[in-house]
Amino acid sequence: MPTSPSEAHDSSAFDLAVVGAGPAGLAAAVTAADLGLRCVLLDGGPSTGGQYYRHPAPGLGAARPDRLHHHWSAYTGLAERLAAHEGAGRAAFRGGHQVWALERTGDGFAVHVTRGPESTDRATVRARSVLLATGAYERQLPFPGWTLPGVVTAGGAQAMLKAGLVLPGRRIVVAGSGPLLLAAASSLVTAGAEVPAVVEATAYLGYARRPGVLASVPGKLVEGAGHGGALLRHGVRLRPRSAVVEAHGTDRVTGVTVARLDADWRPVPGTERRIDCDALAVGHGLLPQIDLATELGARTRTGPDGAVALEVDARLRTSVPGLWSAGETNGVGGADLALAEGELAAHAVAGALPTAPLLRRRARLRAFAELMAAAHRPGPGWTGWLRPDTDVCRCEEVPVSAVREAVDELGAGDPRTVKLLTRAGMGWCQGRMCGPAVACLAGSVVASGPDRRPLGCPVPLSQLAAGPSAEFDDRP
Amino acid sequence: MLKTERPPLDLVVVGAGVVGAACAYYAARAGLAVAVVDRGPVAGGTTGAGEGNLLVSDKEPGPELDLALLSTRLWRELAEDLGGDLGAAVEYEPKGGVVVASTAAGQEALRAFAAGQRAVGVVAEEVPGERLRELEPHLAPGLAGGFHYPQDAQVQPALAAAHLLRAARRMGAELITGETVTAVDRGPDGAVRGVRTDRRRLAAPAVVNAAGTWGGELAALAGVHLPVMPRRGFVLVTEPLPRVVRHKVYAADYVANVASGSAGLETSAVIEGTPGGPVLIGASRERVGFDRTLSQEVLRRLAVQAAELFPVLAEVAVMRVYRGFRPYLPDHLPAIGADPRVAGLYHACGHEGAGIGLAPATGLLISEQLTGKQPEQDLTPFRADRFPAG
């Protein structure tokens, strides 16, 4: 009887555990099973699809989820193939499995999972390789009023729509930066909302610098044109080089102030105008969700959008032996890229040669992603719309003034020290929401590297106490 | 280009953790011109990973307990004196500690331990098992008894370091972060002349080594042997809770582990609430070098012990885990004071898990040495040359 996981030479482990069942993970799991690997696909949600292919909640009787989705058929195709593999015992999907840590063992990984609140809801999935497809979360930049009810994230607005078929309001301003804004606005107007303005901080001109890349991705143009067409038909006003610098209201948002921005995203005085609305959907792009890998010491890179992503080689290997990464975790680039990378990574794990068209498609989409990232990188001037009493960290209610005091008076030179001195980032979201803003305000005396979070999500103490014993092992 | 700093410094403190901050504070208060230099930010090393224990309860009579008793008094004075609001700013809580025993034999051992402590000025009140829950309503039933130590207290370590440094800066001290000390300069007579960083030269006739777990490396730059080594620890942090834990509460075997020379994993949960709401569950100890790998076995043991003491904690979520490396010396005593081998070199490191608590006494005693006074505690047991050269 082995006394620790590292001593177990484990022939009954899965060949591959895929963490995250969005486009990248789903494509990876299906491809890996195609190639003969025994594969388990893990996701915190109840079904496959992730944030992108989000399902309407059962019971809503949604007849046509495809109307809210692009490429719904790509999803159903993958889901059917996965079902076939599951039926044949080649793959397994485990929904409601939230991974909180990866542990390297003698010949692979122990994937530590929580499935609910009870001590028996612990699970440990044993696998020889792990593919990280944990996607991304929204970058939030605070502004006065951003914590008012009625202010939601752009992705949150889409999620509400896709999962609950509900709108966050009737008259919704969409603001921030990035391609998600157009997609969100398009979904909202299609579902019947009024969108008085889409407020984009950049000039959209970033793409123009590399027209060759854009032209090589016709699908992206079609998709962009699709959004544009819907917006045009509904009379949505696009306001480039502008930002919502304040949300107004007491119990709920009743309007926003929009101002022009200079090239550094600094609000231009005198350009403010008020727009009435009962909801605001705001987002500043996405940030790779890479905690599970950085905790193992995986090397990272800072992308053109300023976001920290995993560093991978041409076969999508991370610097941690046996750990692979596909999709947004390698730098945000959308569902098509995630599908391509999932397929590519599965080939690499299986030791199979990918086809040349797949390699070319992935390279093209990745180049496009880098271009998008560069175009929507937040300018340093955004802090100009903050006020001393604006909360930076909404979980712990830490205002801008406290962060500035920590930096100017108390010697905090990096985000971690600001956190220790102000509690910014210590609340439920563990700094996922305020992290980018705190980093901007802190500046950086020292290169602090990516945040390391030993726990990928909160874990009931009773499950930690139960330990990784064999009774929780999940093997094929 | 190396440049020499204006005006002349009396002292360079290497390390902006809580010990370096206390050294700078007391030196500046004594009228010395001080610069503090750290390769990272304030509280970026072990300080930022500590629980903030100001404990007398876990120490047997001897030089470390004397230091802790002096520090206990100094922390109280600091909290009261420094502008009045410092106590709140650093979350100083003189909450007291409760050490519990699960068996009659354990209680008997605590009784003997407390008797020795009382003889040197520690306040320790025996609490019979049936009255433990008056002090801690959520403690598990059936414990044999315990001892209440009203002198035990708590601060938030990073805030403590930052506010001590702020106070020092208001008295003229200079803080330099993000610069690594690359050399300790010594004159033809061997005496310290200052330090060089990757960006400048800081000339001063005295250098304090407050580099914590990295104190051995700084000592080596000055040409002396000081075997400071890391002892890894993990702390679990729960979701914010109402006040379920009122004191610092730990089981009797914590004392044995603190004093232990074992390299293996030792855990004995020290549990405490914080003003922010989260409960901290601390104190694993193992010697594994600077390995940062999360240990499932450490998590398991800390969680088991926490739930044994406070069953209600089994129901809560652990939000995060942090880890750090305590700086320890082979005899588990810090190195404090002038190094007899190098004129102008002072040490203030190797406090292991007690650095937050022992910082003020360390800073005060060194400032007394620096200004030619007789330190109010004998520093002989803390001499840095007590270890044979490796």
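All chains are named by letter (A, B, ...) in the order of the sequence lines, taking the proteins before the strands, and each is independently numbered beginning at 1. Values reported hereafter were calculated over all heavy atoms of this structure, with side chains retained and with hydrogens, waters and symmetry mates removed.
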Got [X] and [Y] here, is their nearest side-chain heavy-atom distance under 4.5 Å?
| X | Y | answer |
| --- | --- | --- |
| His163(B) | Leu410(A) | yes |
| Leu296(A) | Leu294(B) | no |
| Arg423(A) | Pro278(B) | yes |

**Q.** Region of Ala101(A) that comes under 4.5 Å of a non-hydrogen atom in chain B
**A.** side chain
Checking [X] against chain A: side chain, backbone, both or neither under 4.5 Å from a heavy atom?
| X | value |
| --- | --- |
| Pro157(B) | neither |
| Arg292(B) | both |
| Gln156(B) | side chain |
| Leu159(B) | both |

Using 0.5 Å steps for rounding, measure from the [atom1] atom of [X] to the [atom2] atom of [Y].
| X | Y | atom1 | atom2 | result |
| --- | --- | --- | --- | --- |
| Leu236(B) | Leu464(A) | CG | CG | 6.5 Å |
| Phe310(B) | Leu461(A) | CZ | CG | 12.5 Å |
| Leu299(B) | Gln463(A) | CG | CD | 12.5 Å |

Look at [options] and state which one has the largest set of heavy-atom pairs under 4.5 Å with chain A.
| options | value |
| --- | --- |
| Ala317(B), Ala43(B), Ala16(B) | Ala317(B) |
| Glu315(B), Met319(B), Arg323(B) | Met319(B) |
| Val237(B), Val316(B), Leu165(B) | Val316(B) |

Q. For Gln296(B) and Pro468(A), which heavy atoms make the closest approach, and how far apart are they?
A. CB-CG, 4.0 Å
Q) Among Leu421(A), Asp414(A), Leu420(A), which one satisfies side chain to side chain contact (heavy atoms under 4.5 Å, CB included) with Pro41(B)? A) Asp414(A)
(Q) Run the salt bridge (Lys or Arg N to Asp or Glu O under 4.0 Å) test on Glu409(A) and Arg170(B) for me, step by step, so that the C-alpha distance in whole Å, both residues' side-chain angles and the decisive distance to 0.1 Å come before the verdict. (A) CA-CA 10 Å; Glu409(A) 294 274 310; Arg170(B) 285 176 174 167; 3.6 Å; yes
Q) Does a salt bridge link Arg320(B) with Glu295(A), judged by any charged N lying under 4.0 Å from a carboxylate O? A) no
